[in-house]
Asks: 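Attaching a single structure in structure tokens format; questions to follow.
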Amino acid sequence: LSVVDTHEASRWPTSNVLNHVRFEEISNHEDVWDFIQNNLADIIYPKEFYDGGDIPADQQGLVMGHSVIAQKVRIRQKRVKPVDCTEYPPRLNTEEVNGLKNVKCYPKYSEAAEDTGTFLGTEWTSAELLGLAPRNPLQHKFQGGSFAIDLPANHTAFKQKIQELREKKWTDRGTRGVFVDLCVLNLARDQFVSVRFEFDFSEYGKVVPKAT
């Protein structure tokens, strides 16, 4: 089972309609929420999504869903604090930044710029309390703690919680990284697998998806 590949050949044997977005085509906030709310919910909790529909001929005989969720899924984000836009260099050799008075700007991510306050009722939590260990301290820029929420271990409740966060605009101009962490047990290999979906939000609004 690949939770990244949403190709037609990997569709679930169900008559339900999958509102899936291709992982590699994710580029903005809405794509991220669509992927988490639809792709992940339907794939990591297939038993509750599958409605008993006929298995397509090209899917018969395949092992479906051989990895099972071994713990709650967690969504996290890294944020930066807003700064006064007048601190940015003037454009066109003018003395001030036209149109940016009383407007806040959000810089690229750095440890110095990181927001560790409270965001929409979510407390920032240290890496130690979250049990996070750096995967590659020399290359990964998003080290340390983050704003984290454990998601319900149920297909319907999972989707409802994601919809709630989406409506509250849990990602905004201050978001620089969103991570969905989960652990699955591959029964065929008797092996636990740690999966992380990472969405890198640039200060210009572009989102780059990664999976490890």
Asks: Measuring from atom CD of E198 to atom CG of D181, what distance do you get when rounded to the nearest 0.5 angstrom?
Replies: 9.5 Å

Asks: Nearest 0.5 Å, what's the NZ-OG distance between K141 and S110?
Replies: 10.5 Å

Asks: List the atom pairs, with distances to 0.1 Å, where a side-chain N or O of residues 115-123 and a protein N or O form a donor-acceptor pair under 3.5 Å, not counting sequence neighbours.
Replies:
{"from": "D115", "atom 1": "OD1", "to": "G117", "atom 2": "N", "distance (Å)": "2.9"}
{"from": "T118", "atom 1": "OG1", "to": "E123", "atom 2": "OE1", "distance (Å)": "3.2"}
{"from": "T118", "atom 1": "OG1", "to": "E123", "atom 2": "OE2", "distance (Å)": "3.4"}

Asks: Under the side chain to side chain contact (heavy atoms under 4.5 Å, CB included) rule, what do T171 and V32 come out as? Steps first, then yes or no, please.
Replies: CA-CA 10 Å; T171 59; V32 171; 5.8 Å; no

Asks: Please report the closest heavy-atom contact between A41 and F158, naming both atoms and the distance.
Replies: CB-CD2, 3.6 Å

Asks: Count the heavy atoms belonging to other residues, nucleotides or ligands that lie under 6.0 Å from NZ of K168, then report whether that count exceeds 12.
Replies: yes

Asks: Could you tell me the separation between the NZ atom of K108 and the OH atom of Y204, rounded to the nearest 0.5 Å?
Replies: 7.5 Å

Asks: If I take atom OH from residue Y106 and atom CZ from residue R79, how far apart are they, to the nearest 0.5 angstrom?
Replies: 7.0 Å

Asks: Looking only at non-hydrogen atoms, find the nearest pair between A70 and L185 and report the distance.
Replies: CB-N, 4.3 Å

Asks: Show the nearest heavy-atom pair for residues F142 and R176, with the distance to one decimal.
Replies: CZ-O, 3.2 Å

Asks: Just verifying a value: how many Å separate I162 CD1 and F35 CZ, rounded to the nearest 0.5 Å?
Replies: 11.5 Å

Asks: Checking side chain to side chain contact (heavy atoms under 4.5 Å, CB included) for the pair K206/S27: CA distance, chi angles, key distance, verdict?
Replies: CA-CA 6 Å; K206 173 71 174 179; S27 63; 3.7 Å; yes

Asks: Check whether any side-chain N or O of R74 sits under 3.5 Å from a backbone N or O of L130 as a donor-acceptor pair, and report yes or no.
Replies: yes

Asks: Do the non-hydrogen side-chain atoms of F199 and I26 ever get within less than 4.5 Å of each other?
Replies: yes

Asks: For residues A112 and K81, report the shortest heavy-atom separation together with the two atoms involved.
Replies: O-NZ, 3.9 Å

Asks: So, taking the atom named CG in D34 and the one named CG in D31, what distance separates them when rounded to the nearest 0.5 Å?
Replies: 6.5 Å

Asks: Of all heavy-atom pairs between G144 and K78, which one has the smallest distance, and what is that distance?
Replies: C-NZ, 3.8 Å

Asks: For a quick test of reading the model, state the closest non-hydrogen atom pair linking I36 to L40 and the distance between them.
Replies: O-CB, 3.5 Å

Asks: Given the rule that I, L, V, M, F, W and Y join up when any side-chain heavy atoms are under 4.5 Å apart, are V193 and I69 in one cluster?
Replies: yes

Asks: Within a reach of under 6.0 Å around CD of E164, are more than 12 heavy atoms found that belong to other residues, nucleotides or ligands?
Replies: yes

Asks: Does K161 pair with D150 as a salt bridge, N-O distance under 4.0 Å?
Replies: no

Asks: Where do W170 and T175 land on the side chain to side chain contact (heavy atoms under 4.5 Å, CB included) test, with the steps shown first?
Replies: CA-CA 9 Å; W170 201 69; T175 302; over 6 Å; no

